[in-house]
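So the structure is just underneath, and the comments pick up after that.
The sequence lines fix the lettering, A, B, ..., with proteins before strands; numbering per chain opens at 1.
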Protein chains: 2
Amino acid sequence: MTSTDPTSRPSVRPTRQRRAVAAALAGFDDFRSAQEIHDLISQQGESVGLATVYRTLATLADAGEVDMLRNEDGEAIWRSCSDTHHHHLVCRTCGATVEVEGPAVERWTSAIASEHGYGDISHTLEIFGTCPACR
Amino acid sequence: MTSTDPTSRPSVRPTRQRRAVAAALAGFDDFRSAQEIHDLISQQGESVGLATVYRTLATLADAGEVDMLRNEDGEAIWRSCSDTHHHHLVCRTCGATVEVEGPAVERWTSAIASEHGYGDISHTLEIFGTCPACR
DNA sequence: GCGAGTTTGACAATCGTTCTCAACCGCGGT
DNA sequence: ACCGCGGTTGAGAACGATTGTCAAACTCGC
């Protein structure tokens, strides 16, 4: 590592571009694709390369500051999230999203995994349904 | 529509190609990508176009005869499915799959859902990790 | 065996995402 | 304020999965 930072943080610089992406993320609370976020930034008068949007989103996702999941077409979609691990309850009609936590599920998945000798575990869990307003 | 069939079934013909895909699917029990299935068919001495593999898999998935899900890269992967509801513990290196059941999870998801007033619930839960052999 | 409607396959076209690499910029030292 | 060392960016090429195109091949019922 080249980092001289004792916290071993890879030194993320606060550039104009990263600020623009953060600002765009603050502007909506549902899941958006990278392209949509890129367009949104343009509409806010900033100019940021698409590749940079991807890079920044990936970094933020890595840092746990945004959620990334995939829609049914396999496309990556993002939104800013709270800092704790959680899952989503998504209305399949209007897209309304509720963040839910399930310590029991977390425990269950790692238990199942190690029970079968699997390591380096991750999991995806999304719940789809129809929200009260759409019924 | 051009269908004159009173049952409105779209008339799926049992062609050599579709049989080859079905045979390939019967030859493994983990999740494979379309490309891998295509290769497998070649190795079995058959020749089927990649586009046809995609088309056939899509049809089978539609009919509920195969499971299709997406790996962490957003790639579609398929396998023939059993008829009971279950989830998967998938090795992200070799693809080895273990079917797991989680009554607790099922209960938890519906509890969470109704707690938020959501109905008509479905969910996806996949666990990815590294299997003992690949570590 | 015939004709109509399906299905196929080779390949082009899409489309989301990543890579490349020279130019650029933030930051800490001087 | 000036320098220089990386980290960062952007334009566009590259990539890889998936889908569309369309003429030729095939199935099926007659």
Side-chain angles (χ1 to χ4, degrees), chain A residues 1-24 31-42 44-63 66 68-79, chain B residues 1-24 31-42 44-63 66 68-79 92 95:
Chain A
M1 305 306 127
T2 59
S3 176
T4 55
D5 191 301
T7 65
S8 81
R9 190 181 311 156
S11 82
V12 176
R13 294 180 184 167
T15 63
R16 175 182 66 78
Q17 290 84 343
R18 294 207 237 257
R19 251 175 273 119
V21 172
F31 283 89
R32 302 286 178 91
S33 73
Q35 311 269 355
E36 289 171 331
I37 294 173
H38 179 252
D39 290 349
L40 207 55
I41 292 173
S42 301
Q44 293 178 348
E46 293 282 341
S47 174
V48 177
L50 181 55
T52 300
V53 173
Y54 273 105
R55 274 187 294 241
T56 305
L57 286 173
T59 302
L60 289 174
D62 241 35
V66 301
M68 188 265 262
L69 61 87
R70 299 197 177 262
N71 65 20
E72 291 198 329
D73 294 331
E75 232 180 302
I77 49 180
W78 286 271
R79 70 169 230 169
Chain B
M1 302 309 114
T2 57
S3 175
T4 55
D5 191 303
T7 66
S8 78
R9 188 182 312 156
S11 81
V12 177
R13 292 182 184 166
T15 65
R16 175 181 67 78
Q17 289 83 346
R18 294 206 238 258
R19 250 176 274 121
V21 172
F31 282 88
R32 303 286 178 91
S33 71
Q35 312 269 357
E36 288 170 332
I37 293 173
H38 179 252
D39 291 348
L40 208 54
I41 293 173
S42 301
Q44 293 179 347
E46 293 281 340
S47 173
V48 177
L50 181 56
T52 300
V53 172
Y54 272 106
R55 275 186 295 242
T56 304
L57 287 172
T59 302
L60 290 174
D62 240 36
V66 302
M68 187 266 262
L69 61 87
R70 299 201 175 260
N71 66 17
E72 295 190 330
D73 294 330
E75 233 181 301
I77 49 181
W78 287 269
R79 68 171 236 169
R92 64 165 73 81

Among the nucleotides C:dT17, D:dT18, D:dG7, which one has an atom lying closest to any side-chain atom of A:Glu75? C:dT17
Which part of the nucleic acid, if any, lies within reach of A:Ser33 when heavy atoms closer than 4.0 Å are counted: base, sugar-phosphate only, or nothing? nothing
For A:Asp73 and D:dG16, give me the distance from atom CG to atom C1', rounded to whole Å. 17 Å
Which atoms form the tightest heavy-atom contact between B:Leu40 and B:Ala24, and what is the distance? CD2-O, 4.0 Å
Nucleotide nearest B:Arg18 (side chain, heavy atoms from C-beta), chosen from C:dT8, C:dG9, C:dT17: C:dT8
Between C:dT8 atom C1' and B:Glu46 atom CD, what is the distance in whole Å? 14 Å
Provide, to the nearest angstrom, the distance between the CG atom belonging to A:Leu60 and the P atom belonging to D:dT8. 12 Å
For a side chain to side chain contact (heavy atoms under 4.5 Å, CB included) with A:Thr56, tell me which candidate from A:Val53, A:Thr59, A:Thr52 qualifies. A:Thr52
On DNA chain D, check which nucleotide each of A:Gly49 and B:Pro14 is closest to and give me the residue with the more 5' one. A:Gly49
Atom pair distance, as rounded to whole Å: CG in A:Asp62 and P in C:dT18: 12 Å
Strictly below 4.0 Å: does B:Thr15 bring a side-chain N or O up to OP1 or OP2 of D:dT27? no
Where the side chain of A:Arg13 is defined as all heavy atoms beyond and including C-beta, which of C:dT17, C:dG5, D:dG7 is the nearest nucleotide? D:dG7
Rounded off to whole Å, could you give me the CD1-to-C1' distance for the B:Ile77 and D:dG16 pair? 16 Å
In short, A:Arg19 meets A:Pro14 closest at the heavy-atom pair NH2-O, 2.8 Å
Whole-Å distance between D:dG16 C1' and B:Leu50 CG? 11 Å
Would you say A:Tyr54 reaches C:dT17's phosphate, i.e. side-chain N/O to OP1/OP2 under 4.0 Å? yes
Atom pair distance, as rounded to whole Å: CD in B:Glu72 and P in D:dA17: 16 Å
Check every atom of D:dG6, D:dG20, C:dT17 against the side chain of B:Ala51 and return the nucleotide holding the closest atom. D:dG20
Indicate, with a heavy-atom threshold strictly under 4.0 Å, whether A:Arg16 touches base, sugar-phosphate, or nothing. sugar-phosphate
Would you indicate, yes or no, if C:dG9 has its OP1 or OP2 atom less than 4.0 angstrom from a side-chain nitrogen or oxygen of B:Gln17? yes
Which atom of B:Ala76 lies closest to which atom of B:Arg70, heavy atoms considered: N-NH1, 3.7 Å
Within this structure, what is the CE-to-P distance between B:Met68 and D:dA17, rounded to whole angstrom? 15 Å
Short side-chain N/O contact from A:Arg55 to OP1 or OP2 of D:dG7, under 4.0 Å: no
Nearest heavy-atom neighbours spanning B:Phe31 and B:Glu36: O-OE1, 4.5 Å
Just to confirm, is there a sub-4.0 Å distance from OP1 or OP2 of C:dG16 to any side-chain nitrogen or oxygen of A:Gln35? yes
